[in-house]
There are 2 protein chains.
Amino acid sequence: MRAPVPTQVQPSSPLQGGARCGDCPIRYRAVCAQCEGDELALLERMKFYRSFEAGQPIVWEGDRMDFVASVVSGVATLTRTLEDGRAQMVGLLLPSDFLGRPGRDTAAYNATAATGVVLCCFRRGPFDQLMQRIPHLAHRLLEMTLDELDAAREWMLLLGRKTAREKIASFIAIIARRQAASQKRRPAGRIVLELPLTREAMAAYLGLTIETVSRQMTALRRDGIIEIVGKRGVTLTDYARLIAESGGTGDDGATA
Amino acid sequence: MRAPVPTQVQPSSPLQGGARCGDCPIRYRAVCAQCEGDELALLERMKFYRSFEAGQPIVWEGDRMDFVASVVSGVATLTRTLEDGRAQMVGLLLPSDFLGRPGRDTAAYNATAATGVVLCCFRRGPFDQLMQRIPHLAHRLLEMTLDELDAAREWMLLLGRKTAREKIASFIAIIARRQAASQKRRPAGRIVLELPLTREAMAAYLGLTIETVSRQMTALRRDGIIEIVGKRGVTLTDYARLIAESGGTGDDGATA
DNA sequence: CGCCCGATTGACTTGGATCAAACCGAGTGG
DNA sequence: CCACTCGGTTTGATCCAAGTCAATCGGGCG
């Protein structure tokens with residue numbers, strides 16, 4: 001995994017119809033995971049893809065939102081903003097995560113592509129109807145929402161009680177854990193990874209300023225916990241040492 | 001609403017069978033809201049009540065949890081703790097809110113009764129089966145979970161970006177809004193209310209220390225935004241002024 | 001080459017934490 | 001009836017982690 005984050009600079013255009021669901025990389029993790037046969041066929045017929053380049057907005061808080069979607073590849077962020085501009089990230093959407101709320105027609109958050117992003121979209125009205133007709137869909141979405149709620153609560157613990165250093169360590173640990181999971185390994189020892197967020201986005205995620213993020217990154221480097229490669233590259237000298245700096249309770253916390 | 005918080009010192013015992021669901025105060029807001037006739041009868045047959053006095057633990061993180069429940073009356077809190085003891089509240093359960101996760105047999109959080117609490121409980125196994133059989137149940141739970149997720153995200157914004165004064169003002173505003181809602185009014189002008197949490201619990205909720213909570217309460221009093229009555233009593237001189245101190249974006253945020 | 005944007009570093013300020021005393025009201029028992 | 005205790009709360013003095021303001025760096029690109 002040394003390749004740079006796939007910055008998917010696709011021509012933000014059709015790709016329509018695209019691949020068969022059977023070949024989809026998130027086939028068994030997304031909202032459609034439990035659907036088979038007819039059910040999957042229904043979804044397959046109505047799905048359409050949309051791509052976004054890194055940095056592009058996906059939807060803006062308050063905008064009408066006539067679709068829901070699964071993240072196929074890339075990373076998107078959800079942020080909430082106070083009138084005076086203070087912004088807090090409230091969701092980090094990774095491949096297979098779900099964007100949008102069935103039954104709600106207005107976006108509650110700003111969604112932005114942090115890297116290149118490909119979404120598998122469904123028009124909201126028809127999707128809402130499918131939710132009624134296909135219990136598998138509703139069940140899977142419930143499961144995913146409960147997972148996100150758990151992750152959000154883990155995140156609240158981080159925001160409310162961890163120090164800046166612990167926050168940074170926790171964040172890097174989350175990325176490391178997720179990367180390991182996507183390769184069906186368990187994280188350990190020396191790990192090379194690529195952060196999917198800029199310093200600014202990290203600050204928004206962690207409830208810090210960009211300067212503090214930067215300082216703590218260098219502090220962790222000075223202390224030999226990590227090595228910093230370019231803007232996005234980080235190498236852990238030892239996963240366990242990083243965890244020791246994270247303040248604990250990092251059971252998962254990957255999603256939401 | 002001047003009466004002290006109903007401290008429901010019930011003999012933490014049976015109450016078994018109790019009232020008919022038809023008379024239940026949370027009949028149309030809890031997880032059972034959309035159930036009628038046969039479905040409701042099934043639930044009615046298997047439900048049982050449990051009561052807890054203020055301060056009592058309900059379940060502890062890691063404990064086996066063989067039931068799920070709706071809060072009938074009172075207020076319960078969910079907290080998450082770091083090894084070294086730092087604690088953050090991650091959920092505030094009000095009447096009609098749901099406790100426990102279908103399909104999970106171990107508590108993920110410490111749940112504590114903040115006031116006297118009455119729970120309407122279901123054994124987890126049978127409830128899980130009902131979830132499969134009664135789509136209304138699953139749909140309602142999904143809806144409630146999505147609401148909690150929204151509330152959790154609002155809370156993350158508070159934890160990550162608001163000042164101590166804004167946090168306190170936001171918290172009081174949430175309580176005021178909820179109280180108004182329970183009386184089907186919209187909050188405005190002068191409002192008398194009773195906080196359902198101690199200073200310590202407020203601090204845990206807001207990611208502050210008890211001293212800072214106390215100081216900011218007195219500061220708001222000095223500035224004429226609130227009056228403080230006893231340990232738990234607060235009177236807003238003007239709801240709008242309080243909101244102006246809260247840093248905004250307080251659309252709801254009541255639950256979770 | 002020079003610009004631009006994200007990241008880093010430094011100097012200084014400050015909001016909230018920490019440590020340490022009181023305070024206050026509701027029991028409780030002499 | 002009053003002294004004592006006890007839990008929750010308030011207040012004060014001091015400290016320090018993180019924020020703010022400002023300058024600089026460094027790589028990619030026109």
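Side chains included, hydrogens not; waters and symmetry mates left out as well; all remaining heavy atoms used. Residue numbers begin at 1 in each chain, while the letters A, B, ... track the order of the sequences.
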Q.
According to side-chain hydrogen bond (donor to acceptor under 3.5 Å, both in side chains), who are the partners of B:Q216, at least two apart in sequence or on a separate chain?
A. none
Q. Is a salt bridge present between A:K231 and A:E194, judged by a nitrogen-to-oxygen distance below 4.0 Å?
A. no
(Q) Other residues, nucleotides and ligands only: do more than 12 of their heavy atoms fall within 6.0 Å of CZ on B:R186? (A) no
Q) Is any NZ, NE, NH1 or NH2 atom of the basic residue among B:R153 and B:E148 found under 4.0 Å from an Asp or Glu carboxylate oxygen of the other? A) no
Please list, for nucleotides 27-30 of chain D, all pairs of protein and nucleotide N/O atoms separated by less than 3.5 Å.
none

Q. Under the salt bridge (Lys or Arg N to Asp or Glu O under 4.0 Å) rule, what pairs show up with a residue in residues 196-223 of chain B, not counting sequence neighbours?
A. B:R165-B:D223
Q. When we call it a touch if two heavy atoms are under 4.0 Å apart, what does B:T198 touch: a base, just sugar-phosphate, or nothing?
A. sugar-phosphate
Q. Quick one: do A:R86 and B:E166 make a salt bridge, cutoff under 4.0 Å?
A. yes
**Q.** B:M202 CE - D:dG8 C1' separation (whole Å)
**A.** 13 Å
Q: May I ask you to check whether B:Y205 and B:W155 place their ring centers less than 6.0 Å from one another?
A: yes
(Q) Test side chain to side chain contact (heavy atoms under 4.5 Å, CB included) on B:V234 and B:L195; report intermediate values, then the result. (A) CA-CA 7 Å; B:V234 168; B:L195 302 178; 3.8 Å; yes
Using nucleotides 17-19 of chain D, report all nitrogen or oxygen pairs with the protein that are shorter than 3.5 Å.
unit_1	atom_1	unit_2	atom_2	d
D:dA18	OP1	A:A164	N	2.7
D:dG19	OP2	A:T209	N	3.4
D:dG19	OP2	A:T209	OG1	3.2
D:dG19	OP2	A:T212	OG1	2.4

**Q.** Set of residues satisfying salt bridge (Lys or Arg N to Asp or Glu O under 4.0 Å) with respect to A:R161, sequence neighbours excluded
**A.** none
Q. How close or far is atom P of D:dT9 from atom CZ of B:R221, stated in whole angstroms?
A. 15 Å
**Q.** Terminal contacting nucleotides, 5' and 3', DNA chain C versus chain A (heavy atom, 4.0 Å)
**A.** C:dA7 to C:dA11
(Q) Base, sugar-phosphate or nothing for B:E211? Non-hydrogen atoms, less than 4.0 Å. (A) base
Q) How many Å lie between CG on B:L220 and C1' on D:dT9, as a whole number? A) 16 Å
(Q) Can you measure B:M217 atom CE to D:dT10 atom P for me and round it to whole angstrom units? (A) 7 Å
Q.
Just the rounded figure in Å: distance from P of D:dT11 to CZ of B:R199.
A. 10 Å
Q.
What I want to find out is whether A:R190 reaches A:E227 closely enough, with some N-O distance under 4.0 Å, to be called a salt bridge.
A. yes
Q) In Å and rounded to the nearest 0.5 Å, what is the OG1 to CZ distance from A:T106 to A:R101? A) 11.5 Å
